[in-house]
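Order of the sequence lines sets the chain letters (A, B, ...), proteins ahead of strands, with each chain counted from 1. Heavy-atom basis, side chains included; hydrogens, waters and symmetry copies ignored.
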Number of protein chains: 2
Amino acid sequence: MIQQFMKDSQQHNTILDLAAALNLSPATVSRALNNTSYVKKETKERVLEMALKLGYRKNKMAAGLRNNKTNTIGLILPKISMYFHAEVVTVVQNLLHAKGYNLIIGQSNDDPGMEKELAETFFSSRVDAIIVSCTLETEDFSPFDIFSTHQIPILFYDRVPPETYRARVIKGDDFNGGFLAGKHLVEAGCKHIGMINGPMTSNIYEARAAGFIAALRMLQGKEEPKLFFQQQLQAEETREALKKMFKGKSKPDGLFVTSDRNAVTVLQYAKENGIKIPQELRLVGYSNDPVTAVVSPSITTIDQYPALFGEKLVATLMEMIESPPTDEYQPAVITPVSLIERESA
Amino acid sequence: MIQQFMKDSQQHNTILDLAAALNLSPATVSRALNNTSYVKKETKERVLEMALKLGYRKNKMAAGLRNNKTNTIGLILPKISMYFHAEVVTVVQNLLHAKGYNLIIGQSNDDPGMEKELAETFFSSRVDAIIVSCTLETEDFSPFDIFSTHQIPILFYDRVPPETYRARVIKGDDFNGGFLAGKHLVEAGCKHIGMINGPMTSNIYEARAAGFIAALRMLQGKEEPKLFFQQQLQAEETREALKKMFKGKSKPDGLFVTSDRNAVTVLQYAKENGIKIPQELRLVGYSNDPVTAVVSPSITTIDQYPALFGEKLVATLMEMIESPPTDEYQPAVITPVSLIERESA
DNA sequence: TTGAAAGCGTTACCAC
DNA sequence: GTGGTAACGCTTTCAA
């Protein structure tokens with residue numbers, strides 16, 4: 001009876017197949033499947049039962065084409081293996097899944113060219129919205145213009161464009177993170193405080209540095225911290241920076257390293273060179289990567305609450321998707337940070 | 001001139017718009033855009049130029065619907081923040097992107113229910129193929145049957161179904177990994193060797209245990225290692241296991257912990273309880289998570305070469321997508337592992 | 001070398 | 001409550 005309506009197993013059953021098997025119109029079947037408008041209770045049950053029997057699954061592409069809505073969100077980030085990003089992605093994906101959304105993830109590998117390609121691809125896939133954390137070097141944000149011009153919600157997070165590029169933004173309180181680090185080192189009695197930072201082209205490193213310097217100025221009365229290095233956050237460069245710092249006579253006794261991975265590198269360098277942490281050098285990292293808790297000495301660091309961050313991200317995104325687009329200025333959402341005190345400082 | 005063909009900026013330009021603007025048929029435009037069949041060189045250039053001018057981007061859904069090919073691959077894994085998986089995903093995504101494929105990632109959070117849901121969703125999205133690393137508890141693999149019955153390539157990796165479930169598989173050499181760990185501990189002179197393992201419902205832990213036991217039998221002549229615990233890989237349970245192990249009089253002097261995160265937990269437990277590593281207890285972990293290199297003492301572990309793993313994964317998948325489906329038995333692809341010797345053993 | 005037209009699977013409008 | 005049908009944007013046969 002039913003077999004006769006089944007196609008070759010490799011074929012996909014469609015609404016038309018269901019309709020034929022039930023002597024109904026495709027319209028009614030669609031209504032029954034989607035709970036839209038009224039369908040006789042009995043009819044609905046028959047449809048659902050048959051759908052199960054024939055192993056029917058909606059073709060999302062067809063639905064997407066018709067509805068101009070894909071229930072897919074694109075997410076572009078530099079590297080998924082970074083602790084903060086991995087945590088955020090996990091939360092975002094779980095929350096979106098619960099709301100019936102699919103997530104497409106693209107890694108730019110910190111390459112602006114790749115970032116642009118991903119933006120194009122996601123646009124072609126007609127994502128309903130897009131979430132972006134930029135590369136360290138993104139200076140041209142025009143590849144993202146297509147989204148705003150087509151009224152597709154775009155939300156930047158963590159590494160975001162400058163305010164001059166009008167866009168919705170959610171980011172951690174990097175200024176405060178830097179400030180807390182500086183304050184902690186000053187209050188620990190450090191006199192020669194240095195910093196190893198990421199490239200200033202990225203808002204997060206710029207803000208962490210600003211907060212850090214503000215703390216030193218305010219609490220230490222110093223005009224400008226002397227031992228101050230910027231670099232790409234590679235282990236080799238960190239070692240170079242350390243070599244320079246410890247060559248002179250006024251060695252640092254406190255160091256703020258704006259990424260935990262690099263803070264670990266500092267730890268290793270110190271061990272290799274007989275520098276005692278925290279006795280001779282106090283150290284503060286950034287992100288509360290679990291690794292900071294298990295090295296010894298454990299590393300004092302700044303927690304960014306990635307789970308909370310992810311929740312706010314999704315809440316903001318949903319608001320953007322559901323509410324009609326507005327030209328009103330929307331201030332950046334800032335999520336909290338706090339200092340986690342451990343052995344290194 | 002051109003403006004008159006532009007729609008409201010929020011609308012998407014289509015092939016019809018291009019065709020109208022150029023006085024061509026949509027067919028020709030499509031051919032020009034896709035390099036399919038011959039189009040006069042000049043026509044093609046005009047099309048491409050206009051596409052650029054109007055900011056045309058192909059609607060992938062429409063193309064997918066028509067072609068029955070989405071250029072999208074689904075990937076289901078337990079948790080993206082695990083080192084091995086993060087690395088594999090990165091490689092897989094980069095390689096697939098280079099080949100023009102999109103990747104949809106879904107995290108099951110080690111929940112078989114979620115895993116099933118993701119499989120359904122990806123099927124609905126009509127992915128061209130699917131890659132799966134199962135949850136620790138997946139025992140019913142039938143949610144994946146839809147893919148094989150519809151001739152959609154499915155490739156399991158790392159945590160895979162038993163051989164009785166006929167499917168293409170690629171996995172690390174877990175047996176050998178276990179063997180290497182056992183051998184290393186025996187050769188280091190350990191007499192009371194124990195193991196802390198994950199749940200035996202998962203093939204990876206089952207194989208690591210088998211290899212480990214084989215090594216002890218072969219090299220130590222022991223019938224059965226005595227200090228042997230299985231558990232879910234949570235820190236608390238690891239501590240429980242350790243407490244039991246070190247309560248009795250015959251304490252272990254060598255320990256194989258089948259996950260690096262737990263090996264770190266062992267390290268901390270040892271520190272807290274004054275057990276000297278490696279003098280009193282030699283320790284071997286699994287995965288070569290970067291954390292094992294930076295804790296002290298650094299942890300001897302088994303490297304799984306995730307980058308190589310990812311390459312083989314993509315190569316196998318491409319072969320499955322491109323070659324006609326076959327019923328021939330395809331043996332599992334096994335990727336190499338090796339022991340990384342560090343301070344802990 | 002190009003055009004006309006059908007069709008992929010779904011949904012929503014308009015009838016009845 | 002339900003059915004008929006057009007339309008979403010693209011590609012591909014068939015014809016010219």
Side-chain angles (χ1 to χ4, degrees), chain A residues 5 7-8 10-48 50-51 54-72 100 123-128 150, chain B residues 5 7-8 10-47 50-51 54-72 123-128 150:
Chain A
F5 296 110
K7 302 184 173 181
D8 292 354
Q10 47 178 301
Q11 296 247 18
H12 291 279
N13 284 51
T14 72
I15 278 193
L16 264 80
D17 298 319
L18 288 189
L22 290 162
N23 263 314
L24 283 172
S25 76
T28 304
V29 174
S30 171
R31 285 189 279 251
L33 254 22
N34 292 300
N35 277 321
T36 145
S37 121
Y38 288 105
V39 178
K40 208 204 290 175
K41 200 175 169 188
E42 188 213 318
T43 316
K44 188 166 169 180
E45 281 164 5
R46 283 177 59 219
V47 169
L48 293 180
M50 184 60 77
L54 296 189
Y56 167 82
R57 341 247 157 178
K58 177 193 292 213
N59 183 322
K60 286 200 174 187
M61 277 182 307
L65 183 57
R66 175 65 231 241
N67 294 337
N68 214 18
K69 172 134 173 36
T70 53
N71 283 298
T72 299
F123 184 85
S124 259
S125 296
R126 297 292 186 269
V127 292
D128 291 340
H150 288 264
Chain B
F5 296 110
K7 303 184 173 182
D8 293 353
Q10 48 178 300
Q11 296 245 18
H12 291 278
N13 284 48
T14 73
I15 276 192
L16 263 80
D17 298 319
L18 289 189
L22 291 162
N23 264 316
L24 282 172
S25 77
T28 305
V29 174
S30 170
R31 284 189 279 250
L33 253 22
N34 293 300
N35 276 323
T36 144
S37 123
Y38 288 105
V39 178
K40 207 204 290 175
K41 201 176 170 187
E42 188 214 318
T43 317
K44 189 167 169 178
E45 281 165 5
R46 285 177 58 220
V47 170
M50 184 59 77
L54 296 189
Y56 168 82
R57 341 247 158 179
K58 180 195 291 216
N59 183 323
K60 285 201 174 185
M61 277 181 307
L65 184 57
R66 173 65 228 239
N67 294 338
N68 214 17
K69 174 139 174 27
T70 53
N71 283 297
T72 299
F123 184 85
S124 258
S125 296
R126 297 293 187 267
V127 292
D128 291 340
H150 289 264

What is the distance from [atom1] of [X] to [atom2] of [N], rounded to the nearest Å?
X: B:Arg57; N: D:dG9; atom1: CZ; atom2: P; value: 16 Å
X: A:Asn34; N: C:dT10; atom1: CG; atom2: P; value: 10 Å
X: B:Asp17; N: D:dG9; atom1: CG; atom2: P; value: 8 Å
X: A:Ile15; N: C:dG9; atom1: CD1; atom2: P; value: 11 Å
X: B:His12; N: D:dG9; atom1: NE2; atom2: C1'; value: 11 Å
X: A:Asn67; N: D:dA7; atom1: CG; atom2: P; value: 17 Å
X: B:Lys58; N: D:dC8; atom1: NZ; atom2: C1'; value: 16 Å
X: A:Leu18; N: C:dT10; atom1: CG; atom2: C1'; value: 12 Å

Are there more than 12 heavy atoms of other residues, nucleotides or ligands under 6.0 Å from atom NZ of B:Lys40? no
Across all chains, not counting sequence neighbours, the side chain to side chain contact (heavy atoms under 4.5 Å, CB included) partners of B:Asn68 are none
List every contact pair, protein side and nucleotides 1-4 of chain D side both N or O, where the distance is under 3.5 Å.
from: D:dT2; atom 1: OP1; to: A:Thr43; atom 2: OG1; distance (Å): 2.7
from: D:dT2; atom 1: OP2; to: A:Lys40; atom 2: N; distance (Å): 2.7
from: D:dG3; atom 1: OP2; to: A:Ser25; atom 2: N; distance (Å): 3.0
from: D:dG3; atom 1: OP2; to: A:Ser25; atom 2: OG; distance (Å): 3.2
from: D:dG3; atom 1: OP2; to: A:Thr28; atom 2: OG1; distance (Å): 2.6
from: D:dG3; atom 1: N7; to: A:Arg31; atom 2: NH2; distance (Å): 2.7
from: D:dG3; atom 1: O6; to: A:Arg31; atom 2: NH1; distance (Å): 3.2

Of all heavy-atom pairs linking A:Tyr56 and A:Leu18, the shortest is CG-CD1, 3.9 Å
| said: For B:Met61, is there any backbone N or O sitting under 3.5 Å from a side-chain donor or acceptor partner on A:Arg126? | reply: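 Flag not set: sc A:Arg126 to bb B:Met61 has no pair under 3.5 Å.
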* Asked: Using a cut-off of less than 4.0 Å, is there contact between a side-chain N or O of A:Ser30 and OP1 or OP2 of C:dT11?
  ->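 Yes, within the criterion.
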In terms of ring plane angle, is the pair A:His12 and B:Phe123 parallel, tilted or perpendicular, where the classes change at 30° and 60°?
tilted
**Asked** Do A:Asn34 and A:Lys58 have side-chain heavy atoms sitting under 4.5 Å apart?
**Response** yes
